[in-house]
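Small disclaimer: the values here were computed from a predicted structure and weren't measured.
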Amino acid sequence: MLSPFKKHIKNNLSFLQRTRLLVACSGGVDSVVLAHLCVHAGLNVTLAHCNFHLRGSESNEDERFVRNLAEDLGIGVEVKSFNTKKYATKNRGSIQMAARELRYQWFNELLETKGFDFLLTAHHADDNLETFLINLSRGTGIDGLSGIPVQNGKVVRPLLEFSQKDIRSFAKRNKIQWREDASNADTKYLRNKVRLEIVPKLMELHPAFLENFKRTQLHLKETNSLVQNHIKEIKSILFAEDGDVIKIALEPLKELHPIEAYLYGLFKEYGFTEWDDVKGLLSAMSGKEVISKTHRLLKDREYLILSEHKESANESYAVFDKEGLLQSPIKLKLENVKTAERSGRDTIFLDKKKLNFPLVLRNWQKGDYFYPYGMKGGKKLSKFFKDEKVDVFSKEKQWLLCSDDEIVWVVGRRADERFKVDASTQNILKITFVA
């Protein structure tokens, strides 16, 4: 196995040869063999072991074993202890999910703070088969059936080409010791049940079942690659960036068939899972939206508008009677001038005598109203926004410049009539919105 491993590294993962690597090592046969292979292949590796304290003294024995393994191989080792049960209770999750979260949080911390370039894990071909079957049972799409990726960011899995039979045979031939985790035999866990009860039955169907499966999964990956390239092309046509939002024209989107598959492909990366709700936006009234953990998708007339989901905040900033450039939260240039022009969207001219400093720059709120420049009467901002066809996301980001409780300027849109320069004005303040 060492020779094929070296060849695999040279031909497919050559970038690992010139980097500092962290090897996730539980003490089990897979990760221990990976450690041996990496050392004998001349890779620069350090072991990383998590002690989850879930199996009493056995957990401490695992830690001791990994420390000794690192010493025997002449490489470094990093060890971290966790109160996994406490973390699971606090976060209301399973022990397995808690262990996974704690493990990868720490691995990422090591990558960032200790100068490691990549994390190697010991996932192998059998793991790929198990993951395929689990995802198949859950009704996943082609992504879930395409297998565990060899590389995902800084996580690399160099053993995916090899079976667990290959790994155990290598360990036995080379008299490599490892630790057995008794929980791996407990079929109350889904993966164990698949590994111990289902996979052996499948292997009986054909002597080369695993190799045949690997070829099938390769075909799925290639098909998925074609799908992703097509989705990327469709996105380049339909998705138009507009500031910090993305606008998607509805009519060409509706023409795509099958629409459910396209919606999944186009919006899955933004965290949406309620696909009936997403499809419902296509025929919903303006203002309807669907929210994921990370993004919002809004129906706005003939468009869908995609935006990152951020908690709204009522912020306010003081603007003092001082010439110069205000940098935050937006750029406003204040100047004392002798003559005035007509106020526009991005530049306004004010009678300083009518202002009470410091002015306040704040978010708009429901119930706000002002007297639009050039008009005699007042108008609610909600009505003004509707007339101006301002979408929900833009309204949420709208800044108002106020004198006490009165709006002086809907910044970048319209000044207020009450503060305009007239024949009696002696001091003129010019304010420019620097986009």
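Applying the salt bridge (Lys or Arg N to Asp or Glu O under 4.0 Å) criterion to Lys383, with sequence neighbours excluded, gives Asp387. Partners of Glu130 under the salt bridge (Lys or Arg N to Asp or Glu O under 4.0 Å) rule, at least two apart in sequence or in another chain, are Arg191, Arg195. Taking Phe349 as the reference, nothing meets the ring-ring contact (aromatic ring centres under 6.0 Å, His included) condition, with sequence neighbours excluded. Remark: Glu161 pairs with no residue by the salt bridge (Lys or Arg N to Asp or Glu O under 4.0 Å) rule, at least two apart or across chains. With sequence neighbours left out, Phe272 forms a ring-ring contact (aromatic ring centres under 6.0 Å, His included) with no residue at all.
Ion pairing of Asp416 with Lys354 is absent here, as no side-chain N (NZ or NE/NH1/NH2) approaches a carboxylate O to less than 4.0 Å. A salt bridge is absent between Lys247 and Asp391: the closest approach of a Lys/Arg side-chain nitrogen to an acidic carboxylate oxygen does not fall below 4.0 angstrom. The pair Glu396-Arg296 meets the salt-bridge criterion, with a side-chain N (NZ, NE, NH1 or NH2) lying under 4.0 Å from an Asp/Glu carboxylate O. Remark: Lys352 engages Asp321 in a salt bridge, criterion side-chain N to carboxylate O under 4.0 Å.
Counting only N and O atoms by type, the side chains of Tyr317 and Glu315 include a donor and acceptor under 3.5 Å apart. In summary, the side chains of His123 and Asn128 do not present any donor paired with an acceptor at a separation below 3.5 Å, with no hydrogens or angles considered. For the residue pair Ser59/Asp62, the side-chain donor-acceptor check at 3.5 Å is not satisfied. Judged purely by distance below 3.5 Å, without hydrogens or angles, the side chains of Asp351 and Thr425 pair a donor atom with an acceptor atom.
Side-chain N or O atoms of Gln17 include none that pairs as donor or acceptor with a backbone N or O of Ile9 at under 3.5 Å.
Note that the OG atom of Ser146 and the NE2 atom of His219 stand 12.5 Å from one another [nearest 0.5 Å]. Note that CZ of Phe370 is 13.5 Å distant from CD of Glu406, once rounded to the nearest 0.5 Å.
Using a 4.5 Å cut-off on side-chain heavy atoms (C-beta onward), Leu400 and Leu381 make contact.
The list of salt bridge (Lys or Arg N to Asp or Glu O under 4.0 Å) pairs with a residue in residues 92-101, not counting sequence neighbours, is empty.
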